[in-house]
Protein chains: 2
Amino acid sequence: MREGPDIARIASLVGDPARANMLSALMGGTALTASELALEAGVSLPTASSHLSKLMEGGLLTLASQGRHRYYGLAGPQVAGMIEAITGVAASVGPQRVRPGPRDAAMRVARVCYDHLAGEQAVAMLDRLIDKKLLLREDKEIRLAPAAASHFAAIGISVDARPRRPVCRACLDWSVRRSHLAGTLGAAILDKILAEKWARREKDSRAVVFSPAGRQAFEKVFLA
Amino acid sequence: MREGPDIARIASLVGDPARANMLSALMGGTALTASELALEAGVSLPTASSHLSKLMEGGLLTLASQGRHRYYGLAGPQVAGMIEAITGVAASVGPQRVRPGPRDAAMRVARVCYDHLAGEQAVAMLDRLIDKKLLLREDKEIRLAPAAASHFAAIGISVDARPRRPVCRACLDWSVRRSHLAGTLGAAILDKILAEKWARREKDSRAVVFSPAGRQAFEKVFLA
DNA sequence: AGAATGCTTCGATGAGGAACGAACTATGCG
DNA sequence: CGCATAGTTCGTTCCTCATCGAAGCATTCT
């Protein structure tokens, strides 16, 4: 028998279809109410409530009560990273989807991963930032290069000097199978993309769709 | 309802305690036989076989048949990364599970791990054996040095020349977070410790408690 | 206050699946 | 060959856990 962290307990929490759907929905980064999650998972409200309390007990979710609304969200980046990792395995070994629908294609190009951008665009961006020596890949870690602070400040992104969580983190992309940028910097860049209206979030999906002009602007700033 | 990779299917594979134990055991990187995995997981051979075929069907394992032995291993780095991610979440969420009581303190010092010794004592022992160049750490593998056979024979431990299972294996210690020695050699050493009455097993626990004299003897032989 | 909404708890039902023993197949040994 | 070891398959038993309806709290609206 093995000792150590109870990985089966965590995995079995994700291993139920209803709960997995809820967690996937929460990967969008926005907290959702119990009713919304019930709808998302395709179960009744009592069932959803039961699942949510299990996820809470397991430490995978956070809860913010506001009046009669109770907003559930992912407990943190570590949980989000785990979900992405599982998604990656599921995507590469899973029963190959017969037809990758239009939405799936959009997802592959760009999507929200908890609070930052993922997909081909995001992977390309990280590659380019490392190419331009603004970020340094060290083993599996990513660090800011000296030139980074001023460069991002010029774009309008301030890099927190004393962050509560890492500024840069590598997050494995399930569709491209290579890392993209997470951490506060990754989150700030996504914020900018949406604030500048270079792209909009697809309704009820994690997909992020760039407008033609937005894509040009994005490429000029991050892929030049 | 969500669409996309079937993450629940993958997670539920990991979500069974027996399968989780098997996967954890395989995180060492060395392929193991069905019987070894049955022991690791603490289930009967038929049960283990059933689990293994499910993991195979799920694409999480690879199989290498050699004669009547069937060696199961993790399917790849992506799968290993996923297990690691889940373990990370479990570890950061898990500590709330049990408060370190007196027995847990003893467990941290020395305990039985399947058939060999684990805990601080075991980690220190492996370090010392490598220091003395009796064992060679090669990447994640551990091998016998030429001098090993005669050295262990002098202590009264015969190293099987043609073992049914690996003589040396690295086993990650959950309390120290570093490797200790598993495999037939690890098992033989534990046998000796108990046979010499240097230590006894705590009733209904994996803890191994050394007597004062026993500890001295152990340290003289293995930590000198 | 009363009604409406959002969510949780309770209780009963049902299905999936984890477990093992026994029997069967396959490989190796003498 | 016969015997031993390594694994799988089969059939049965059993128990967990997901599910939903109904009822119970809590909060807000009017």
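Order of the sequence lines sets the chain letters (A, B, ...), proteins ahead of strands, with each chain counted from 1.
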Could you give the CG-to-P distance, from N21(A) to dA18(D), as a whole number of Å?
-> 14 Å
Do R206(A) and E84(A) meet the salt-bridge criterion of a basic N to acidic O distance under 4.0 Å?
-> yes
Partners of E57(B) by salt bridge (charged side-chain N to carboxylate O under 4.0 Å, His left out), sequence neighbours excluded?
-> none
Parallel, tilted or perpendicular: which describes the rings of W198(B) and F222(B), with under 30° parallel and over 60° perpendicular?
-> perpendicular
Residues at least two apart in sequence or cross-chain that pass side-chain hydrogen bond (donor to acceptor under 3.5 Å, both in side chains) with R200(A), listed by chain then number, are E202(A)
Quick one: Y71(A) OH to dG6(C) P, roughly how many Å, whole number?
-> 10 Å
Round to the nearest Å and state the distance from L32(B) atom CG to dG7(D) atom P.
-> 11 Å
Short side-chain N/O contact to dT27(C) OP1/OP2 from R70(B), under 4.0 Å | no
Please give, in whole Å, the distance from dT8(C) C1' to L63(A) CG?
-> 12 Å
note: L13(A), atom CG; dT16(D), atom P; distance rounded to Å ~ 17 Å
Under 4.0 Å between any heavy atoms, over every strand shown, what does Y72(A) touch: base, sugar-phosphate, or nothing? Just pick one.
-> sugar-phosphate
Ignoring hydrogens and geometry, is there a side-chain-to-backbone donor-acceptor pair from S49(A) to L45(A) under 3.5 Å?
-> no
Between the protein and nucleotides 14-21 of chain C, which nitrogen or oxygen pairs come in under 3.5 angstrom?
from, atom 1, to, atom 2, distance (Å)
dA18(C), OP2, R19(B), NH1, 3.1
dA18(C), OP2, K54(B), NZ, 3.3
dA18(C), O5', D16(B), OD1, 3.4
dA19(C), OP2, H51(B), NE2, 2.4
dC20(C), OP2, S44(B), N, 3.1
dC20(C), OP2, S44(B), OG, 3.1
dC20(C), OP2, T47(B), OG1, 2.8

For T33(A), which contact category applies under a 4.0 Å heavy-atom criterion: base, sugar-phosphate, or nothing?
-> sugar-phosphate
Grab the CG-P distance between L61(B) and dT8(D) for me, whole Å please.
-> 12 Å
Look at the rings of F210(A) and F218(A) and say which category their plane angle falls in: under 30° parallel, 30 to 60° tilted, over 60° perpendicular.
-> tilted
Rounded distance in Å - CG (L39(B)) to P (dT5(D)) | 15 Å
